[in-house]
Amino acid sequence: MEVKKISYQVDEAGYYGKFGGAYIPEMLYPNVEELRENYLQIISSEEFQRQFQSLLKDYVGRPTPLYKADRLSKAYNASIYLKREDLCHTGAHKVNNTVGQILLAQALNKKRIIAETGAGQHGVATATVCALMDMDCTVFMGEVDIERQWPNVERMKILGAEVVPATSGSRTLKDATNEALRHWINNPVDTHYIIGSVVGPHPYPDMVTRFQSVISEEIKSQLREHEGRPDPDIIVACVGGGSNAAGSYYHYVDNPKVELVAVEASGLGNDTGKSAATTALGTEGILHGSKTLLMQTEDGQVVEPYSISAGLDYPGIGPIHAHLFESGRGQFVGVTDEEAMKAGIKLSKLEGIIPAIESAHAVAALSKLEIEGKIVVVNLSGRGDKDLDTYIKWGKY
Ligand SMILES: *Cc1c(COP(=O)(O)O)cnc(C)c1O
């Protein structure tokens, strides 16, 4: 009898196991269908790859280094490598995806770009590539977030984007997403919607994963140089929606010898009502057009998540991660605000690298894992410049 091999990649219908799909209003169907029909052919074309690789190299600054963190390694008696996505242009991995999507938008003859943003990091990465490509850019952002994240709002404006406040509901990310979707329904022909993580209806999770997969592709060849083998024992990445994690897992996901560790934000603690640890607290449901795990009340109202790091403050996870969790392929670890802040300060003092607080969650997970004697890659998704205020308020350094 033939044993069916489980793949952790997306299937033809856009599912990861039972998660994923495209649960969208009928009015959105033409937009999403146009993408679904064309994305694989476009991104595998020679012309696209030539442009994409050239921008990743000369504009984003890739390949990013795989750095052997000697003092950190010594502290854990392991070989710990940091994948330096913090050195990407704009300070995090998000630009890998926005570069890919704007080239795709051009290939589809789109003239305008829209995006939603919470903390503003995805908005900035989108405004950046729109300036680069001379495309009209509108970013939807909750009114509350505009107030909380004003430096990123100004950054987007300097880059030439228009920031439109979402004034309904809780006036945060989910309301900005609703506004963006409404706008897209009304402007289907000339507009592309750039989603910032491995979330949303199929094909977004797969498309964003492919654009971010450059991370694991580079890890493979860089680790071969350092260690004489392409595979680490363990890869650790933080998960908000899950794009930096999906990109750093991509070339290892079907190789069971490589342990995949996903780090979620436990905020003040999973039993405090102030957490964003989706696999610990979430249940199955539909969020932003895909079936996944999300934090919701019994009658299906999305629960407002909390984390000290804005990038992990999301009530769901991408369907790829819901599947990695349910199948047991991925190991999910929760890290609190306090653990993350301490790890961020520890990394600063040991290695001279101030990480984004999102990435500090991944570093903090090292003390919860059995890593002695192992080769571990931590994906350092972003740099801490944007979080300086939070570090200063935290104070304990
Ligand atoms: C946005 C962001 C994240 C979270 O997004 P993912 O899609 O989960 O990767 C993590 N780290 C940094 C630095 C970010 O800016």
Side-chain angles (χ1 to χ4, degrees), residues 13-29 31-32 116-119 122 140-146 148 165-185 193 195-202 204-205 239-242 262 264-328 330 332-334 336-337:
Y15 282 85
Y16 301 85
K18 65 177 171 183
F19 300 107
Y23 298 81
I24 50 174
E26 207 171 303
M27 306 240 282
L28 257 188
Y29 192 77
N31 308 34
V32 173
E116 89 296 330
T117 196
H122 172 56
F140 296 89
M141 190 169 185
E143 219 172 26
V144 170
D145 290 333
I146 287 182
R148 285 194 290 210
T167 56
S168 63
S170 58
R171 297 174 291 142
T172 57
L173 179 62
K174 88 177 147 44
D175 313 292
T177 306
N178 290 338
E179 290 293 325
L181 287 172
R182 200 166 305 143
H183 186 94
W184 202 25
I185 287 170
Y193 179 15
I195 292 182
S197 190
V198 290
V199 300
H202 178 65
Y204 278 100
V239 173
E264 295 183 312
S266 288
L268 301 182
N270 288 350
D271 53 3
T272 63
K274 288 272 186 186
S275 171
T278 302
T279 59
L281 301 170
T283 50
E284 211 178 298
I286 308 286
L287 183 65
H288 299 156
S290 81
K291 186 188 283 183
T292 189
L293 294 170
L294 66 137
M295 292 164 50
Q296 54 185 334
T297 61
E298 265 176 33
D299 49 357
Q301 296 289 337
V302 173
V303 171
E304 198 72 32
Y306 163 82
S307 164
I308 194 168
S309 80
L312 303 184
D313 194 351
Y314 181 72
I317 45 173
I320 183 172
H321 297 295
H323 183 50
L324 291 173
F325 174 72
E326 246 208 19
S327 62
F332 284 70
V333 176
T336 63
D337 287 1

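Everything numeric in this text was worked out from a predicted model, so none of it was measured.
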Identify the two heavy atoms, one from [X] and one from [Y], that lie closest to each other, and give their separation to 0.1 Å.
{"X": "Tyr29", "Y": "Ile24", "result": "CA-CD1, 3.9 Å"}
{"X": "Gly200", "Y": "Ile195", "result": "CA-CD1, 4.2 Å"}
{"X": "Lys291", "Y": "Lys18", "result": "CD-O, 3.3 Å"}
{"X": "Ser275", "Y": "Ala265", "result": "OG-O, 3.6 Å"}

Start with the C-alpha gap between Asp175 and Ser170, add the side-chain angles, then the distance that decides, and say whether side-chain contact (heavy atoms from CB on, under 4.5 Å) holds.
CA-CA 7 Å; Asp175 313 292; Ser170 58; 3.0 Å; yes
Please report the interatomic distance [atom1]([X]) to [atom2]([Y]), rounded to the nearest 0.5 Å.
{"X": "Thr272", "Y": "Asn270", "atom1": "OG1", "atom2": "CG", "result": "7.5 Å"}
{"X": "Thr283", "Y": "Leu294", "atom1": "OG1", "atom2": "CG", "result": "6.0 Å"}
{"X": "Ile308", "Y": "Asp337", "atom1": "CD1", "atom2": "CG", "result": "4.5 Å"}
{"X": "Leu28", "Y": "Glu26", "atom1": "CG", "atom2": "CD", "result": "11.0 Å"}
{"X": "Ser197", "Y": "His122", "atom1": "OG", "atom2": "NE2", "result": "9.0 Å"}
{"X": "Thr172", "Y": "Met141", "atom1": "OG1", "atom2": "CE", "result": "10.5 Å"}

Would you say that Tyr193 contacts Thr177 through its side chain, given a criterion of any heavy-atom pair below 4.5 Å between the two side chains?
yes
Using a 4.5 Å cut-off on heavy atoms from C-beta on, say whether the side chain of Tyr16 contacts that of Pro205.
yes
Just list the side-chain donor-acceptor pairs under 3.5 Å for residues 310-324, sequence neighbours left out, or say none.
residue : atom : partner : partner atom : Å
Tyr314  : OH   : His288  : ND1          : 2.8
His321  : NE2  : Gly242  : O            : 2.8

Could you walk me through whether Glu116 and Glu179 satisfy the side-chain contact (heavy atoms from CB on, under 4.5 Å) test, starting with their C-alpha distance in whole Å, then the side-chain angles of each, then the deciding distance to 0.1 Å, before giving a yes or no?
CA-CA 8 Å; Glu116 89 296 330; Glu179 290 293 325; over 6 Å; no
Contacts of Ser168 meeting side chain to side chain donor-acceptor pair (under 3.5 Å) (sequence neighbours excluded), chain-then-number -> none
Among residues two or more places apart or on two chains, list those pairs meeting salt bridge (charged side-chain N to carboxylate O under 4.0 Å, His left out) that have a residue in residues 271-280.
none
So Tyr23 and Tyr15, would you call those rings parallel, tilted or perpendicular, with 30° and 60° as cut-offs?
perpendicular
